[in-house]
Each structure stands twice: as C-alpha cells, then as structure tokens.
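For reference, the structure discussed in these notes is given below.
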Amino acid sequence: MTAVTHVIINGTLSRGDNAAFIIACYAVAFSMFGVVEKPMIVFRQTSSALVRDMKSFKSLAFVFVYVSITMISISMIISFTPIGNWLFIHLFNADQNMLRTISLTFAVISTVIIFSGIRGIYQGIIINHLETKWLTIGVIIRLGIMFLAAFWFVATGRVTSMAGAAIFLIGMFIECVISVWKGHKILKNTELDAYTLTNKDIMPFYLPLVLYFLFQTLVQPLIYVFLSQSDNIEMSIASFALAFSISQLMLSFFMYTHQIVLQFYQEDRSRVFKFTIFISLIPALLLIFMSYTPLGTWFMETVMGAERNLAEPTIIVLQFFILKVLIFPWVDFFNGFIMLERRTRRMVAAQLVNLFIVCVSLGLLVTFYPQWNGVNGAIAASVGELAGLVAVLIIVYKSRNHNHDSSQQEQVQG
C-alpha cells in the first residue's frame, strides 16, 4: 500500500499545467532523496533482526542518532549550497529552467528522512512481534490524509513539484506517529533479555545493508541520467517515472518476502517456499492486465490524470517492466536467507552486478535507440534485476554448501 503514495503524488502532479515538466522535476528530486534516505530506511530491517528488548533498542537508537545527524547535514548541503546544483546538473543533466524547481522540491522532501528513520526503527519492532496489522493501519491513515492533501492542491490550483513533496511529507509524518505509538507500547511490555547488543553486532549487519539498498536506490537516478540522452528528455523521464511508480504499486503487496524468510522460514520451510511461489506471480499478472487491456489507458487518464500524449508512452514502458516485477520477489526472498545468516555483506555483491548490468544496457540502448525514450529504462531495469537474481542464487548456493560441509566436519570431529 505504500506504493499508492507515489500513485497519489504522480496522479496529482499529472493534473498540473505542463505536467511532464512538473513530474520530471519531482522525479529528479525524489531520486536524490531516495539516496540520502536509504541509510534511515535500513533501520527497519536492522531493528527487526537485532532488537529484542528496551536495552537492545537503546543500543540501536544510539547508532540511529549519529546516522540521522549525518544524513540531515548532507541533505542541507545539497539543498542550500552550490554542491546541490552541481549534482542536479551534472548527474541528472537538469536544464537551468528545471534547476530551481528541483532544488526547492528537494529542500521540502529531504525533511522526510527524519520521520522515515524514526518510523523504520519502530516498525522493525512491530514486525518482530508479528503485529504487522499496525503497519497496514498506519499506511491506510497515511493514504487517507495524503489523498485529502492532494485534493486540496488540485482544487486550489497549486499543483507544482513542491506540492508532491509536501504531500509525501504529510503522509510520512502521520505514519511515523502511529509507528512510534505502537512500537513504544510493545517495547514497554517486553521483558529484558540476557542478550546484549553492541556496536560490534550492529555495524557488520547494518553497514552492508545500507550499501545494498543504496546501490539499489542508485539504479533509478542512474537511469534518469542515461534517459537524459534520449530524443525527448522530459517525456522520457516522465513516462519512465509514472511507469515505475505503477510497477512499484503492483510489487508493493509482495516486495517484503525477505521478512517472511526472517520470521517464518525456520518454522516451516516448505510452506514459506510455496507461499512465495504463489505471491511472486500476482504482481506480474496484474501488470500484464494493466499493460495489455483498456484498463491501462483508463487508469492512466482517469486515476493518474495523465493526458493522452503522456499516457500512451507510459503504457508502452509498463510492458517492459513485466520481467522485473516477476523477478524481484525472488531476489528479495533469497536475500532473506542472507539476512538470516547475518551475512549482509554478500548482498552488496549481487546488487553491484545488477547496477553494472543496468548501466551497460542503458549505455548501449540510448546510444543505438535514443528514440525509444523511457522504454530503454524499463528494459535495462529488467535485465539488471535478472542479473541480480542469478548473482544472489549463486551466493545462496555457495553459502548452503559451505554450511553443509562445515556441519559434516563437526560431526566427524564429534
């Protein structure tokens, strides 16, 4: 349901004057935000895997404060110094007429990292205690408030890139408040454990996970960098951004399969595997239905509010996202095994393979087929995801063989 957030925002921005310009500016600002936010998001997985009581929570919170100060400082530098302008121009190839809008939008949206981090560390506790219904409740309330805010911006004719950032900020604040309330309530009722969590336990798990998700987040802004070399820059980025948000919507109900592994795999391996097979097919089937039936055109024009000249290219881009949507749940599933063994360093290698293949594919595509515009981004993202799946399968296979050999040696010695 969290992906509905971006559907609401993009649907709002599509209703503004010069929608392609507004969406493109917001997309660039949001991509930069995704990079600086990622170290905060990872606290959800870290909290879920390591926090057992109030004592271990305080140990993790100590690390959280330092990371928060660092990322907020970086965001302020990007927002209010020439460094930010340089990044937007040279990394995203932003035009001068886009630069001011992008900078102002990023300044608003970067404040979200505070609430995103706090939300994540408490959601990890909620997940660990299997109270995940509260995540759903929080998101439902968040979406309701965001929809009202979006309606106000459209009704008052104040649809700009910054309006998208403001809608996102309001929604994240609401969800953060709910997560803190429920997570703190759980912690108060949790008995102290003899287990002591130290920085030596936290950092080897946390830092590789940050790198993994950071590299994962870099995929989207890197795609925008390459798409800026297309024949139609604004249409290329805008159609890819809309298609990407819709594909994430299809994935969003099924993209946390690593949490299923963390919480249930050791209890019932067979059922977890069968369940993953079932849910991995659903987002791809939904995207196929959206891409090849009249529902797609209706959704783009009525729900997203996109004009026909933007809706049609976006639907074509969606068709090339099908492979990525089919593969991603399995990449996440096998990453769950790596997290379970607390060997998150190996996840980074698989994501680097993904990133490398995306860059190579896009470099070739925009060189030989610049007229394909946003389609090039979807093709590269799908091919990169396939390469990432192969890499993570090799890592898990080698890890299983190593653990099996070690177990046999222990039995022989015993």
Side-chain angles (χ1 to χ4, degrees), residues 1-15 19-20 23-24 26-27 30-31 219-220 223-224 226-227 230-232 234-255 257 276-332 354 357-358 361-362 365-366 369-389:
M1 294 179 68
T2 55
V4 179
T5 291
H6 307 295
V7 173
I8 291 174
I9 292 172
N10 283 312
T12 302
L13 301 184
S14 297
R15 288 169 167 81
I23 294 172
Y26 175 81
F30 186 81
S31 295
V219 171
Q220 191 176 356
I223 288 175
Y224 290 143
F226 281 97
L227 290 183
S230 302
D231 285 351
N232 188 334
E234 288 185 5
M235 184 60 68
S236 181
I237 294 177
S239 62
F240 178 86
L242 283 176
F244 182 81
S245 68
I246 294 170
S247 68
Q248 290 301 104
L249 172 63
M250 301 301 153
L251 269 177
S252 59
F253 294 94
F254 317 100
M255 67 189 309
T257 48
T276 305
I277 292 175
F278 171 71
I279 65 171
S280 67
L281 296 173
I282 298 175
L285 291 173
L286 289 173
L287 199 58
I288 289 170
F289 190 68
M290 181 73 71
S291 302
Y292 292 100
T293 70
L295 177 66
T297 303
W298 175 85
F299 184 84
M300 289 301 306
E301 295 181 357
T302 306
V303 179
M304 300 299 292
E307 296 180 359
R308 181 60 64 93
N309 67 333
L310 179 58
E312 291 180 353
T314 301
I315 291 174
I316 295 173
V317 175
L318 273 178
Q319 295 170 1
F320 290 89
F321 266 116
I322 294 171
L323 179 62
K324 181 182 185 297
V325 167
L326 181 64
I327 293 170
F328 181 84
W330 286 104
V331 175
D332 199 48
N354 184 335
I357 296 299
V358 167
S361 301
L362 261 178
L365 287 166
V366 298
Y369 305 102
Q371 71 276 11
W372 287 3
N373 295 318
V375 167
N376 287 333
I379 294 173
S382 295
V383 173
E385 203 68 58
L386 179 60
L389 176 62

Quick one: salt bridge (Lys or Arg N to Asp or Glu O under 4.0 Å) pairs with a partner in residues 317-331, sequence neighbours left out? K324-E385
Shortest non-hydrogen contact between N376 and Y369, atoms and distance: ND2-O, 3.0 Å
Heavy-atom donor-acceptor pair, N373 side chain to N232 backbone, under 3.5 Å: yes
Would you say I322 and Y292 make side-chain contact, with heavy atoms under 4.5 Å? yes
Between the side chain of S361 and the main-chain N/O of V358, is any donor-acceptor distance below 3.5 Å? no
Can you see which heavy atom on I315 is nearest to which on G296, and at what distance? CD1-C, 3.7 Å
Main chain of F299, side chain of T302: is a donor-acceptor contact present, judged purely on distance under 3.5 Å? no
Should L326 and L281 be marked as a side chain to side chain contact (heavy atoms under 4.5 Å, CB included) after you check the CA-CA gap, both sets of side-chain angles, and the distance that decides it? CA-CA 6 Å; L326 181 64; L281 296 173; 4.1 Å; yes
Does F278 reach the side chain of I282, with side-chain heavy atoms less than 4.5 Å apart? yes
Nearest-0.5 Å distance, CG of residue L389 to CG of residue N354: 10.0 Å
If you define the side chain from C-beta out and look only at heavy atoms, does anything of L310 sit under 4.5 Å from I23? yes
Tell me whether the rings of F240 and F321 are parallel (<30°), tilted (30 to 60°) or perpendicular (>60°). tilted
Looking at CD1 of I379 and CG of L365, how far apart are the two atoms once the value is rounded to the nearest 0.5 Å? 5.5 Å
Side-chain (S247) to main-chain (V325) donor-acceptor, under 3.5 angstrom: no
Among residues two or more places apart or on two chains, list those pairs meeting salt bridge (Lys or Arg N to Asp or Glu O under 4.0 Å) that have a residue in residues 283-306. E301-R308
On a heavy-atom basis, which atom in L227 and which in G377 lie closest, and how many Å separate them? CD2-N, 3.9 Å
Provide the closest heavy-atom pair for F289 versus L295 in the form atom of the first, atom of the second, distance. CE2-CD2, 3.3 Å
If you take all heavy atoms of S236 and G374, which pair is closest and at what distance? OG-N, 3.3 Å
The reported gap from CZ in R15 to CG in L13 (rounded to nearest 0.5 angstrom) is 10.5 Å
T276 side chain near P329 side chain, heavy-atom distance below 4.5 Å: no
Distance in Å, L251 CG paired with F244 CZ, rounded so as to fall on 0.5 Å steps: 9.0 Å
Got more than 12 heavy atoms from elsewhere within 6.0 Å of CD, Q371? yes
Does any part of the side chain of Y26, heavy atoms only, come nearer than 4.5 Å to the side chain of I9, both counted from C-beta? yes
Between CD of Q220 and OG of S31, what distance do you get to the nearest 0.5 Å? 4.0 Å
So which heavy atom on T314 is nearest to which on A243, and how close? CG2-N, 3.6 Å
What is the distance from atom OG of S230 to atom CG of L362, rounded to the nearest 0.5 Å? 8.5 Å
